[in-house]
There are 2 protein chains.
Amino acid sequence: MRPETPETPANLAERLAHSGLRNTPQREVVYHALLDRRDHPTADEVYTRVRPEMPSISLATVYNCLETLVQCDLVRQVNFERGPSRYCANLHPHAHFHDEKTGATYDIPLPPEVLAQVRGVLPSGYDAKTVEITFHGQSPTA
Amino acid sequence: MRPETPETPANLAERLAHSGLRNTPQREVVYHALLDRRDHPTADEVYTRVRPEMPSISLATVYNCLETLVQCDLVRQVNFERGPSRYCANLHPHAHFHDEKTGATYDIPLPPEVLAQVRGVLPSGYDAKTVEITFHGQSPTA
DNA sequence: CCTCAAAATTGTAATTATTCCAATTACCGC
DNA sequence: GCGGTAATTGGAATAATTACAATTTTGAGG
């Protein structure tokens, strides 16, 4: 019995259906590309990763699929700095650490109490659906 | 005696000099545009705002000036969502609230203890120079 | 199973945001 | 004032994304 398997692919078709959308091979392959390597790839990087498996897919479709996945709340779209959007299939509450030297991005788990305290800074009347926290700096040089 | 005037223009020339850079009319006018209206304009919006005052300025120069100001730590560059970068002359620790309906962005003051707790989530070895916090949702409908 | 309509994909063109670059202009120290 | 460096300018080039029209796929209903 696995206590937690929160981002197993389990619910792609289900989530799509829930939004009145169809499941397609393209959406599956794009979603699995994000699950397989959690390094926050750009649309272009996803494109090159899925092409071996599905050479007929087009870049436009990759963009479309990513947008669809974001709308279904299966994927987070991440933007720091100029440059292309990046995509993240980690649905646990987490912050991002962006290494300024290497450009790499790491997920940092975010305890509920910290998230709660951050939300607490909002004056009444502000209703936040999501909170994004990003660090910029240097990651361990190990 | 004014207790706090933390982002009066006071230090533009000084900050530039500190980085070995020159002060120029273009940099002044761009910086003042950001101070005057704190609504997180894009480079293009800054361009249209400063043109009445300095019709000869070019968009490339606006980009250059903004980049310079960011390097001098007088201005923060802000990116959430796809789309053009936005610029912010508020140097107090603050988060951003992005209203998903109107697209407007509001500054939310960030108490030091909250900032400290957020930094606390970083595993040892991670050295964060800056932290960015962005809320997405709906702002007061007043 | 066949057909039909809606949805999705595809390739390409268009748009948007930003950067690059070469030529001029402005500035500061001597 | 002169010379060298820095900054600005306009326009071309690039990068990222979106738009669009044509084709393909899908699933529902008969």
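Throughout, a chain's letter reflects where its sequence line sits, starting with A, and its residues are numbered from 1. Keep in mind the model is a prediction, meaning the values are calculated, not measured.
Checking B/A60 against B/L21, the closest nucleotide of DNA chain D that is more toward the 5' end is the one next to B/L21. Nearest-nucleotide assignment on DNA chain C puts the 5′-proximal partner with B/G83, out of B/G83 and B/T24. Nearest-nucleotide assignment on DNA chain C puts the 5′-proximal partner with A/V62, out of B/N79 and A/V62.
Straight-line distance from the CG atom of B/N64 to the P atom of D/dT8: 7 Å, rounded to whole Å. Rounded to an integer number of Å, the gap from B/R27 CZ to D/dT8 C1' is 10 Å. One atom, CD of A/Q77, and another, P of D/dA16, lie 14 Å apart when rounded to the nearest Å. At whole-Å resolution of the value, CZ in A/R22 and C1' in D/dT24 are 11 Å apart. For the pair B/I57 CD1 and D/dT9 P, the computed distance is 6 Å after rounding to whole Å. Protein atom CD of A/E28 is 17 Å distant from nucleotide atom P of D/dT25, rounded to whole Å. The CG-P distance, from B/L69 to D/dA7, rounds to 12 Å in whole Å. Atom OH in A/Y47 sits roughly 15 Å away from atom P in D/dA16 (whole-Å rounding).
Contact annotation for B/S85: backbone-only contact, meaning every heavy-atom pair under 4.0 Å involves sugar-phosphate atoms and none involves a base. Within the 4.0 angstrom heavy-atom criterion, only backbone atoms of the sugar-phosphate kind lie near B/S56; the bases stay farther away. Using a 4.0 Å heavy-atom distance criterion, B/D44 is classed as making no nucleic acid contact.
OP1 or OP2 of D/dT8 has not a single side-chain nitrogen or oxygen of B/S58 nearer than 4.0 Å. Remark: A/R82 is not in phosphate contact with D/dA15, judged by side-chain N or O atoms under 4.0 Å from OP1 or OP2. Between A/Q26 and the phosphate of D/dT25, there is no side-chain N or O to OP1/OP2 separation shorter than 4.0 Å.
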Item checked: Bracket string, DNA chain C, 5' to 3' - pairs by Watson-Crick or G-U geometry under 3.5 Å, | interstrand -> ||||||||||||||||||||||||||||||
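Each ring pair (Phe, Tyr, Trp, His ring centres under 6.0 Å) pair with one or both residues in residues 38-74 of chain B, not counting sequence neighbours, appears once here: B/H40-B/H96.
Running 5' to 3' along DNA chain C, contacts with non-hydrogen atoms of chain B at under 4.0 Å begin and end at C/dA17 to C/dC27.
Although no hydrogens or angles enter the test, the distance criterion places no donor-acceptor pair under 3.5 Å between the side chain of B/H18 and the main chain of B/L16. Judged purely by atom type and a 3.5 angstrom limit, B/T102 uses its side chain to pair as donor or acceptor with the backbone of B/A104. Although no hydrogens or angles enter the test, the distance criterion places no donor-acceptor pair under 3.5 Å between the side chain of A/R37 and the main chain of A/L34.
Within the model, atoms CZ of B/R82 and CG of A/N79 stand 7.5 Å from one another, a figure rounded to the nearest 0.5 Å. Separating the NE2 atom in A/H92 from the CG atom in A/L110 is a distance of 12.5 Å, to the nearest 0.5 Å. Separating the NE2 atom in A/H98 from the OG1 atom in B/T130 is a distance of 10.5 Å, to the nearest 0.5 Å.
A side-chain donor-acceptor contact under 3.5 Å links A/S85 and A/Q77.
Ion pairing between A/D39 and A/R49 holds under the 4.0 Å rule for side-chain N and carboxylate O. Electrostatic pairing of A/E45 and A/R86 counts as a salt bridge here, judged by a charged N lying under 4.0 Å from a carboxylate O.
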